[in-house]
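When a residue number appears, it is its place in the shown sequence, counting from 1. Not measured: the values here are computed from a predicted model.
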Amino acid sequence: MRHKLAEISRYAGFAAVALIALIALIGAIGWGGWWWVVALIFLALTAVGIRDMIQTRHAILRNYPLLAHFRFFFETIRPEIRQYLIESDHDEEPFSREDRSIVYQRAKNDEGARPFGTKKKVYEGGYSWMTHSIVPTHLDRHDFRVRVGGPDCKKPYDASLYNISAMSFGALSANAVEAMNRGAAIGGFAHDTGEGGISKFHRFGGDLIFEVGSGYFGCRTEDGRFDPEKFAKTASDDQVKMIEIKLSQGAKPGHGGMLPAAKISPEIAEARGVPMGQDCISPASHSEFSTPKELCEFIGKLRDLSGGKPVGFKLCIGHRREFMCIVKAMIETDIYPDFIVVDGTEGGTGAAPMEFANHVGMPLTEGLSFVHNVLRGADIRHRIRIGASGKLIHAYHIARAFALGADWCNSARGFMFSVGCIQAQACHTNHCPTGVTTQDPLRQKALVVPDKAQRVANFHRNTLRALAEMTGAAGLDDPRDFLPYHFMSREGDGDMMEASDLWTYLPVGFLVRDVGYDNEVYRRRWNRASADTFKPPEPIGRKLTNRDVKSLEAS
């Protein structure tokens, strides 16, 4: 009997609503007036309950008509409840409240000082710190620059050490793109267009890094191939300072993308060079090259078509041997990129499959150190600048990236925060509450361009000022003088480790000549790498796959 009552009780809410609807309907027929209002409300709820019981998509609604809607409601607002009521200052989801707050403060020119001491647990594993000098230096400048452009570059670019990372118009709203470009113009730093091409909202004076992705948006033929004439016309514009070939991005390396036709506005179609009414496809790989040597030749081609501007590529490290294939191709073709941007798997995106965002690609620390050491080992590091991107939003992480080998840093979500992003994580829904990542005209009107442009410039300036102060505290004259030994970390509850013990600078030239040093991890992959193909040697140098085993057994 008790079990039967428990089974029936799940319909109690629906039964109560239906009973109230019946009573209100009788009252409305008898006395009219406000009874009709109550009757209509509860009749509507009763209809919803009946629909819940007969629908077939959600089992919980069939078992708990009406009441189950509360579950869906609380599930919808769960991120906001966590962010505003439960999350601590240091929970990373994916950026902690403390990290977001420092961006907001610097963007508004508010005081960023901390009273009463650190909130970090300095004796727990994972805590890291910078070593300082007893004789610190005083730096009266913060506009640090690095010249990008090798011997084959006719128009080198003096880039800021901190720039806006690749974000396409389409992923960002028109107002967000315009605010960032105006802010870049005020602050004198670079704005990466992302692979979506150069839109009219990029044309407000900020220096541009024109990103060329696998879809060749802004420089493509009607069938999606690379168009040299369109590229040359775009790249020759004085506002374009560098060209970046996107091989992969950290948040979803090895994965293409699609912008549905429904989201393509006339402005997006114009910027990307795609027709209205058709899905916009970004293939997973480029059609202009498929081998390391062809990539190098494409780099040389873009440099010539652009009139000698710096050309490089961006990637998230995957198979380490494949990057070494590219390095070998550089040496054999004598065509070198002017820069390489290393993106960590912690990088952001508008939308990515969960498995890719969480488990594909190398984190920035390991990827940056690897690229730096391979270029050193091949004795070509002096020819190529390295950029770094992936959750670099305050001075400590930027300084640490320099210590690992970076020449400059990029940030995407840091500058998104500066224009008002609140980490609602609704980028893929077109319902961004602050107008940053939506194409909804009404929603993006909330983002006031002149105000946000100044905040972009403020964030950049104040971050570099903080970087200058950290540089001085370490007794250095330039942020790029940071080395691994300037940083330490706690590996356990008591053990300290110097970063130089973990992220060592390997000897120059050790991969290409005898320098009295060898590294088995690097050497094994270097020997297997080929300038002619990305494919691994078969079967030597790798374990047999299940397919290989089955093939051998069958034979």
Side-chain angles (χ1 to χ4, degrees), residues 146-157 159 166 190 192-195 197 208-220 225-237 240-249 253 283 285-318 322-343 367 371-372 374-375 378-389 407-408 410 529-534:
V146 57
R147 174 152 291 193
V148 183
D152 299 322
C153 178
K154 298 176 182 178
K155 299 178 180 178
Y157 175 57
D192 194 314
T193 64
E195 66 175 314
L208 293 178
I209 301 172
F210 178 27
E211 184 175 87
V212 178
S214 57
Y216 305 112
F217 301 125
C219 56
R220 62 187 263 140
R225 303 283 298 190
F226 176 71
D227 188 322
E229 292 183 5
K230 287 183 180 179
F231 172 81
K233 181 179 179 181
T234 301
S236 63
D237 190 293
V240 176
K241 302 301 182 183
M242 301 199 296
I243 292 90
E244 176 183 278
I245 303 168
K246 174 190 168 184
L247 301 183
S248 59
Q249 69 180 92
S285 60
H286 283 258
S287 59
E288 287 300 299
F289 56 86
S290 60
T291 70
K293 285 184 177 178
E294 288 175 353
L295 169 59
C296 290
E297 290 165 358
F298 189 59
I299 290 171
K301 182 178 182 178
L302 296 191
R303 189 184 288 124
D304 291 340
L305 289 171
S306 68
K309 293 181 179 180
V311 178
F313 60 85
K314 177 181 79 173
L315 83 168
C316 176
I317 295 296
E322 291 183 348
F323 179 74
M324 289 182 169
C325 291
I326 299 173
V327 173
K328 280 192 171 182
M330 296 176 196
I331 297 171
E332 292 189 21
T333 61
D334 199 32
I335 302 174
Y336 297 87
D338 297 291
F339 65 90
I340 297 171
V341 174
V342 182
D343 198 10
V371 168
H372 175 62
V374 170
L375 297 182
D379 198 10
I380 59 173
R381 177 65 178 87
H382 59 285
R383 300 187 61 132
I384 302 171
R385 301 297 189 191
I386 299 178
S389 60
D407 291 299
W408 85 85
N410 296 331
S530 169
D532 296 311
T533 181
F534 285 113

* Closest contact, heavy atoms only, P292 versus A531 -> CB-O, 3.3 Å

* **With S285 via side-chain contact (heavy atoms from CB on, under 4.5 Å) - residues at least two apart** => none

* To do: Apply side chain to side chain contact (heavy atoms under 4.5 Å, CB included) to E297 and E294, showing your working.
  => CA-CA 5 Å; E297 290 165 358; E294 288 175 353; 4.3 Å; yes

* To do: Please list, chain by chain and in numerical order, all residues satisfying side-chain contact (heavy atoms from CB on, under 4.5 Å) with S236, sequence neighbours excluded.
  => none

* Would you mind reporting whether V212 and C219 have side-chain heavy atoms less than 4.5 Å apart? => yes

* Counterpart residues, side-chain contact (heavy atoms from CB on, under 4.5 Å), relative to E322 (two or more places apart) -> H319, F534

* Do D338 side-chain atoms and G150 backbone N/O form a donor-acceptor pair below 3.5 Å? -> yes

* Kindly indicate, with the supporting measurements, whether the criterion side chain to side chain contact (heavy atoms under 4.5 Å, CB included) is fulfilled by V342 and V371. => CA-CA 8 Å; V342 182; V371 168; 3.8 Å; yes

Sequence neighbours excluded and cut-off under 3.5 Å, please list the side-chain donor-acceptor pairs for residues 305-315, or say none.
from: S306; atom 1: OG; to: L302; atom 2: O; distance (Å): 3.0
from: S306; atom 1: OG; to: R303; atom 2: O; distance (Å): 3.0
from: S306; atom 1: OG; to: K309; atom 2: N; distance (Å): 3.2
from: K309; atom 1: NZ; to: A235; atom 2: O; distance (Å): 2.7
from: K309; atom 1: NZ; to: D237; atom 2: O; distance (Å): 2.7
from: K309; atom 1: NZ; to: V240; atom 2: O; distance (Å): 2.7
from: K314; atom 1: NZ; to: E211; atom 2: OE2; distance (Å): 3.3

* Asked: Would you say the side-chain atoms of S389 and D343 include a donor-acceptor pair closer than 3.5 Å?
  -> yes

* To do: Please round to the nearest 0.5 Å and tell me the distance separating atom CD1 of I317 and atom CD1 of I340.
  => 8.0 Å

* Distance (rounded to the nearest 0.5 Å) between Y216 OH and R225 CZ -> 7.0 Å

* Does any non-hydrogen side-chain atom of T291 lie less than 4.5 Å from one of D532? -> no

* Do V341 and I386 come close enough that some side-chain heavy atom pair is under 4.5 Å? -> no

* To do: Look up atom CD1 in I243 and atom OG1 in T193, then write down how far apart they are to the nearest 0.5 Å.
  => 10.0 Å

* Heavy-atom donor-acceptor pair, R385 side chain to R147 backbone, under 3.5 Å -> yes

* **Residues forming a salt bridge (Lys or Arg N to Asp or Glu O under 4.0 Å) with R381, sequence neighbours excluded** => D407

* Asked: Is any side-chain heavy atom of V146 less than 4.5 Å from a side-chain heavy atom of F339?
  -> no

* **Heavy-atom check, side chain of R383 versus side chain of D152, under 4.5 Å** => yes

* Asked: Between H286 and F226, does a ring-ring contact (aromatic ring centres under 6.0 Å, His included) hold up when you go through it step by step?
  -> CA-CA 9 Å; H286 283 258; F226 176 71; 9.4 Å; no

* Between T234 and F210, what is the shortest heavy-atom contact and its length? -> CG2-CE2, 3.8 Å

* Asked: Does the pair M242 and I209 meet the rule for a side chain to side chain contact (heavy atoms under 4.5 Å, CB included), with working shown?
  -> CA-CA 5 Å; M242 301 199 296; I209 301 172; 3.7 Å; yes

* **Distance, nearest 0.5 Å, that separates OG of S214 from CG of L247** => 10.0 Å

* **Pairs involving residues 324-336, ordered by first then second residue, that meet side-chain hydrogen bond (donor to acceptor under 3.5 Å, both in side chains) (sequence neighbours left out)** => K293-E332

* Go through M330 and I384 one step at a time and tell me if the side chain to side chain contact (heavy atoms under 4.5 Å, CB included) criterion holds. => CA-CA 11 Å; M330 296 176 196; I384 302 171; 3.8 Å; yes

